[in-house]
Amino acid sequence: MNTNGRLGGMSRRSLLTAVGAAAIGVSFTACGQEKPAAGPTGGEEPKLNFYNWDTYIGDTTLADFKKAAGIDVNMSLFATNDELFAKLKAGNPGFDVIVPANEFVTRMSQADLLQPLDHAKIPNKKNIDPAFLNPDYDPGRKFSMPYTWLVTGIGYRKSKVKGVPDSWKWLFDSDMYKGKIALVSDSADLIRIAAKYKGHSLNNIPPELVTEIEAMLIKQKPYVKAFHDDNGQDMLVARDVDLVMESNGDIAQVMRDDPDLAFVVPKEGSLLNSDTLCIPKGAPRPDNAHKFINYLLDAKVGAGISKTILYPTPNAAARALMPDSYKDNPVIFPAADAMAKCEYGAFEGAETASLYEQVVTRVRAA
Amino acid sequence: MEQSWKAAKSLFAAVLGPPLFWLVAFFVIPLAIVWVYSFGQNQGLVGISFTGTFSNYARAIEPLYLNIFAKSAWIAAITTALCLVVGFPVALAITFAPTRTKAWLLLLVMLPFWTNLLIRTYALMAVLRTEGYINKSLEWLWNGVGGLAPLVGLARLGDFQPLELLHNNFAVVLGLVYVHLPFMVLPLYSALDRLDRSLLEASLDLGAGHLRTLFLVVVPMALPGIASGVLITFIPALGAYLTPDLLGGPDSQMIANVIERQFKRANDWPFGAAMSFVLMYFTFIAIAIQAVLSRKPRGAR
């Protein structure tokens with residue numbers, strides 16, 4: 001399906017270019033797309049535009065990289081994969097390294113938005129846990145290097161919740177904690193995890209089950225406080241809610257300051273994700289980008305990042321350098337029996353994404 | 001002495017040129033592109049084919065989306081009404097203030113514009129949330145009163161139940177009123193300030209009370225100002241995106257949030273474009289109504 005992507009019509013990028021140029025008659029140089037100038041780093045100017053998630057890099061990583069390689073990293077932030085995709089699909093505005101999640105690696109590579117990685121320039125690939133080297137979403141790691149992985153579960157306030165809420169039931173199918181629940185706003189994640197609760201795999205959800213999930217969500221909506229944009233941990237800290245659907249790393253970060261918080265991967269299983277380092281098509285400084293990716297995969301550097309962001313790392317060498325408080329943290333590395341039922345969500349095409357979005361629009365309008 | 005623009009063509013072009021270029025390059029052309037999208041269809045993940053289809057518009061006027069449009073219009077209408085009720089006395093008070101004070105009062109009205117909308121909205125969240133300033137103050141009062149109650153022989157009060165102020169439609173309307181109030185006050189002020197004071201004196205001298213004077217003399221004369229205030233409050237409120245997103249609850253989605261999700265999560269730009277244009281047509285209708293309203297009083301005169 002990826003091959004017919006550009007055949008039918010004009011792509012948006014070419015349209016924008018054509019209309020823009022024809023009507024204005026003047027060509028502007030977009031701010032990001034500077035020509036690489038000669039510099040100390042292999043013909044590229046010593047700069048790099050890094051497009052990353054918030055709270056997703058070590059405290060000193062970028063400064064250390066400048067010291068080590070002499071390259072200035074300019075980091076800007078995005079909040080959702082959709083935002084990243086929407087920005088890049090209209091043409092790369094000048095980013096060199098981006099951090100899409102697994103599903104979007106598939107999606108962006110199908111949309112021809114990613115540049116294949118030159119593995120020879122990333123010797124630190126050897127540090128990566130072999131279990132992460134040939135994932136379904138990017139066979140052979142052609143386009144991506146794993147940065148972190150994460151599992152969605154329930155973050156909760158121990159003093160307000162009876163026992164351990166180890167089932168999605170408390171979020172999807174119960175008024176026990178009414179007004180104290182926050183779910184993710186991302187339609188695909190929401191529906192997939194609901195399918196997990198219903199005992200189905202989170203991929204290839206049959207239409208009847210989607211209908212059933214929609215009815216369940218509409219019934220549950222009065223008890224839900226909010227659909228959050230991946231800031232559920234903040235709502236938990238501010239005591240707006242007591243149970244929240246969030247990823248383990250985000251909850252581990254706030255648990256440092258609030259010992260009343262905890263995290264559980266529900267017994268029905270959950271959604272796994274992996275954020276990856278990629279180079280988008282049209283990156284102005286691919287050489288620097290490879291250097292930067294290789295640097296982030298270094299054992300010591302990786303350990304420094306993990307120490308700050310508290311997300312599970314796929315970097316075996318970095319993990320070996322971490323203290324036991326990280327390696328044995330049940331939030332960061334949940335117990336094997338809970339993890340056994342978790343799966344990666346595959347990219348199932350634009351129609352499915354659009355369908356799930358319609359379901360959530362109906363739920364929220366109901 | 002009126003001068004025809006034909007007499008100074010080059011000057012006219014020089015003055016008109018830059019704004020016209022700006023308008024065409026950054027408004028008309030982007031809008032035209034979105035308009036063209038709205039008649040297209042997704043081709044794969046990045047491409048759009050222009051098929052001239054009306055299917056996006058057909059979808060946009062399905063009951064599901066019409067209801068969301070209606071709900072957005074309803075929320076915008078409540079916001080506008082509240083702004084008018086709150087803003088009118090404020091504008092009136094500024095009109096009658098001494099000249100020196102007037103400037104300061106107007107500055108106060110415009111002061112919020114110096115802070116970014118996002119920051120103002122987050123500040124409002126800090127005020128409204130479960131453990132926010134309002135609930136904290138109420139809890140303090142409650143516990144203070146509760147501590148005194150046994151002293152005067154009353155039963156102890158129960159535990160304090162925080163008010164649900166954030167993540168619901170109340171918070172959305174409050175946030176929208178807060179943000180749009182200056183848009184209402186300023187046109188009202190400019191209409192009221194030009195009012196002929198002698199007419200008010202005449203009305204009062206001829207025996208009408210203050211309230212009658214207000215509703216029978218001031219309001220009709222200020223009608224064009226009210227209409228433009230209503231319009232420039234209603235239109236941005238109708239397309240509000242940030243406020244319902246941050247302050248709203250699970251059922252607070254407004255049409256702009258749905259449009260945003262078409263461009264991002266659903267990756268359905270043609271449909272998002274069609275909805276944007278349906279929203280724009282509604283805006284045109286509102287402008288037309290305003291034009292009719294503001295013409296009437298002139299005709300009556």
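All chains are named by letter (A, B, ...) in the order of the sequence lines, taking the proteins before the strands, and each is independently numbered beginning at 1.
- Between chain B and the residues A/E357, A/K87, A/H228, the most heavy-atom pairs under 4.5 angstrom are made by A/E357.
- Counting heavy-atom pairs under 4.5 Å between each of B/Q41, B/R59, B/K71 and chain A puts B/R59 at the top.
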(message) Run the side chain to side chain contact (heavy atoms under 4.5 Å, CB included) test on A/K89 and B/L45 for me, step by step, so that the C-alpha distance in whole Å, both residues' side-chain angles and the decisive distance to 0.1 Å come before the verdict.
(response) CA-CA 9 Å; A/K89 80 190 251 177; B/L45 290 169; over 6 Å; no
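- Using a 4.5 Å cut-off between non-hydrogen atoms, the part of residues 98-105 of chain A that approaches chain B consists of A/E103, A/F104.
- A/D234 and B/R129 get closest at one heavy-atom pair: O-NH2, 4.5 Å.
- For B/L246, no part lies near chain A; criterion is any non-hydrogen pair under 4.5 Å.
- In terms of heavy-atom pairs under 4.5 angstrom with chain A, the leader among B/M125, B/E164, B/H167 is B/H167.
- In terms of heavy-atom pairs under 4.5 angstrom with chain B, the leader among A/T352, A/D186, A/V363 is A/D186.
- Contacts of A/N81 with chain B are absent, with no heavy-atom separation under 4.5 Å from either backbone or side chain.
- Put simply, the side chain of B/I68 reaches to within 4.5 Å of the side chain of A/T361, judged on heavy atoms.
- No side-chain heavy atom of B/L64 sits less than 4.5 Å from a side-chain heavy atom of A/Q358.
- Between B/Q253 and A/V360, every side-chain heavy-atom pair lies at or beyond the 4.5 Å cut-off.
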(request) Would you sort out whether A/K180 and B/T130 count as a side chain to side chain contact (heavy atoms under 4.5 Å, CB included), showing the intermediate values? (result) CA-CA 11 Å; A/K180 289 293 176 189; B/T130 311; 4.0 Å; yes
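- With a 4.5 Å cut-off on non-hydrogen atoms, B/Y65 touches chain A through its side chain but not through its backbone.
- What you find for A/K225 and B/P250 is that their closest heavy atoms are O-CD, 3.0 Å.
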